[in-house]
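By convention in this document, chain letters (A, B, ...) are assigned in the order of the sequence lines, proteins followed by strands, and residues within each chain are numbered from 1.
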Amino acid sequence: MRLNKNFYTQPTLKLSRQLLGKFLVRKIGGKTIVGKIIETEGYVGPNDLASHASRGRTKRTELMFGPNGYWYIYLIYGIYYCLNIVTEKNDYPAAILIRAVQPISGLKTDLKTDGPGKLCRAFKIDKKLNGSPAFGKKSRLWIEDRGVKIEAGQIKKTPRIGIDYAGAYKNKPWRFYIKN
DNA sequence: CAAGAGATCATCT
DNA sequence: GATGATCTCTTGA
């Protein structure tokens with residue numbers, strides 16, 4: 001059920017689609033929070049101007065250049081955290097932003113999870129998890145396969161959100177979500 | 001209903 | 001010192 005490290009070796013854009021319909025599981029304080037992943041965005045390679053990695057290796061982006069299967073979490077606009085899973089091999093920067101999940105269990109009903117900032121708040125995700133593995137027994141945050149299959153026809157593809165400055169890359173259809 | 005502004009800070013220049 | 005892979009609230013038509 002729990003996705004192992006090998007799963008994350010797939011090409012980023014393929015993996016972005018594979019993650020739809022999988023389940024994000026968070027263990028915290030004896031509680032388990034579960035949400036079905038319904039929207040992702042891929043950030044791929046050293047030339048993708050929308051990616052933090054396009055400015056080269058820095059202390060922050062180093063994680064994106066590292067091995068796949070680790071969480072990359074950063075603060076945006078001073079307020080919100082965004083959750084990403086690192087993909088591709090060493091020295092090739094890429095990651096997938098998890099933009100939205102559907103609440104399954106363990107969540108307060110009034111907490112929305114339909115945006116990257118909101119889902120991190122609902123799942124109590126912050127920088128303490130930055131750089132931690134998404135695989136292995138010790139992980140407190142991981143992704144599971146519960147046998148849900150998403151038909152190719154159910155997946156919508158659009159340009160990514162909030163990256164008007166990304167020039168030639170801003171119209172790349174690297175955002176994926178499940179219809180409805 | 002659409003559009004704009006403010007919140008607020010780690011990271012990079 | 002500038003800026004953003006966001007969200008919410010406010011404004012105005």
Side-chain angles (χ1 to χ4, degrees), chain A residues 8 10-22 24 26 33 35-88 91-103 107-134 141-143 155-178 180:
Chain A
Y8 299 106
Q10 299 180 81
T12 304
L13 295 181
K14 180 165 180 226
L15 190 56
S16 300
R17 273 169 293 216
Q18 295 274 326
L19 288 179
L20 296 175
K22 297 290 187 289
L24 183 68
R26 170 82 169 118
I33 305 173
K36 185 167 127 191
I37 298 172
I38 55 175
E39 183 177 346
T40 62
E41 278 182 10
Y43 289 83
V44 187
N47 301 316
D48 180 0
L49 292 173
S51 169
H52 291 159
S54 67
R55 289 163 181 248
R57 285 179 105 117
T58 66
K59 201 171 157 201
R60 176 171 62 155
T61 61
E62 187 61 29
L63 266 167
M64 291 186 72
F65 289 84
N68 53 49
Y70 289 83
W71 296 114
Y72 170 44
I73 296 160
Y74 63 92
L75 185 65
I76 191 68
Y77 301 117
I79 305 182
Y80 299 102
Y81 289 103
C82 288
L83 176 66
N84 304 254
I85 182 80
V86 176
T87 60
E88 308 284 349
D91 296 327
Y92 187 83
I96 296 169
L97 170 66
I98 299 182
R99 288 189 53 84
V101 304
Q102 194 178 81
L107 284 161
K108 289 190 185 145
T109 48
D110 56 335
L111 278 177
K112 293 277 197 297
T113 55
D114 57 348
K118 285 187 275 189
L119 86 85
C120 283
R121 195 176 53 193
F123 277 71
K124 302 191 186 350
I125 290 166
D126 61 24
K127 286 208 72 172
K128 286 200 287 287
L129 289 165
N130 192 31
S132 69
L141 177 66
W142 68 90
I143 298 172
I155 298 178
K156 285 275 212 178
K157 228 201 278 195
T158 76
R160 292 168 293 177
I161 302 296
I163 52 160
D164 284 349
Y165 57 83
Y169 283 82
K170 81 174 183 188
N171 292 320
K172 300 266 183 205
W174 291 349
R175 171 173 176 243
F176 305 93
Y177 63 95
I178 301 174
N180 305 324

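Computed from coordinates, the A/Asp164 CG to B/dA3 P distance equals 13 Å when rounded to whole Å. Regarding A/Tyr72, its OH atom lies at a distance of 14 Å from the P atom of B/dA10, rounded to whole Å. Here the P atom of nucleotide C/dC7 and the CD1 atom of A/Ile161 are 10 Å apart, to the nearest Å. To the nearest angstrom, C1' of C/dT6 lies 13 Å from CD of A/Glu39. One can place OH of A/Tyr169 at 19 Å from P of C/dG4, the figure rounded to the nearest angstrom. Per the geometry, CG belonging to A/Asn84 stands 11 Å off P belonging to C/dT6, to the nearest Å. The interatomic distance linking A/Tyr74 (OH) with C/dT6 (C1') rounds to 9 Å, in whole Å. Remark: P of B/dA7 and OH of A/Tyr81 are 19 Å apart, rounded to the nearest angstrom.
Closest to the side chain of A/Leu75, out of C/dT8, B/dA10, C/dT6, is B/dA10.
Base-pair partner of C/dT3: B/dA10 (Watson-Crick or G-U wobble, both distances under 3.5 Å). A 3.5 Å limit on both hydrogen-bonding distances identifies B/dC1 as the Watson-Crick or G-U partner of C/dG12.
Both A/Lys112 and A/Ala53 lie close to DNA chain C; mapped to their nearest nucleotides by heavy-atom distance, the more 5′-ward contact belongs to A/Ala53. Positionally, the nearest nucleotide of DNA chain B for A/Tyr77 lies more toward the 5' end than for the other of A/Tyr77 and A/Asn130. If you find the closest nucleotide of DNA chain B to A/Gly78 and to A/Lys59, the one lying nearer the 5' end belongs to A/Gly78.
For A/Arg55 and C/dT3, the shortest distance from a side-chain N or O to OP1 or OP2 is not below 4.0 Å. Listed pair A/Arg99 / C/dT6 meets the phosphate criterion, a side-chain N or O lying under 4.0 Å from OP1 or OP2. Between B/dC9 and A/Lys127, no contact under 4.0 Å exists linking OP1 or OP2 to a side-chain N or O.
Among the heavy atoms of the strands lying under 4.0 Å from A/Arg121 are primed sugar atoms or P, OP1, OP2 only; no base atom is included. Note on A/Arg160: nothing from the nucleic acid sits closer than 4.0 angstrom, heavy atoms only. Counting any heavy atom pair closer than 4.0 Å across all strands shown, A/Ile79 reaches a base atom.
Put simply, the side chain of A/Arg26 gets close to the backbone of A/Lys124: a donor and an acceptor are under 3.5 Å apart.
Taking the six-membered ring for Trp, A/Tyr72 and A/Tyr70 have ring centres at least 6.0 Å apart.
Residues meeting the side-chain hydrogen bond (donor to acceptor under 3.5 Å, both in side chains) test with A/Asn47, sequence neighbours left out: none. Every side chain to side chain contact (heavy atoms under 4.5 Å, CB included) that A/Pro93 has, sequence neighbours left out, goes to A/Pro46, A/Ala53, A/Met64, A/Phe65.
Stacking of A/Arg99 on the aromatic ring of A/Phe176 is not recorded, the 6.0 Å distance cut-off and the 45° axial limit not both being met.
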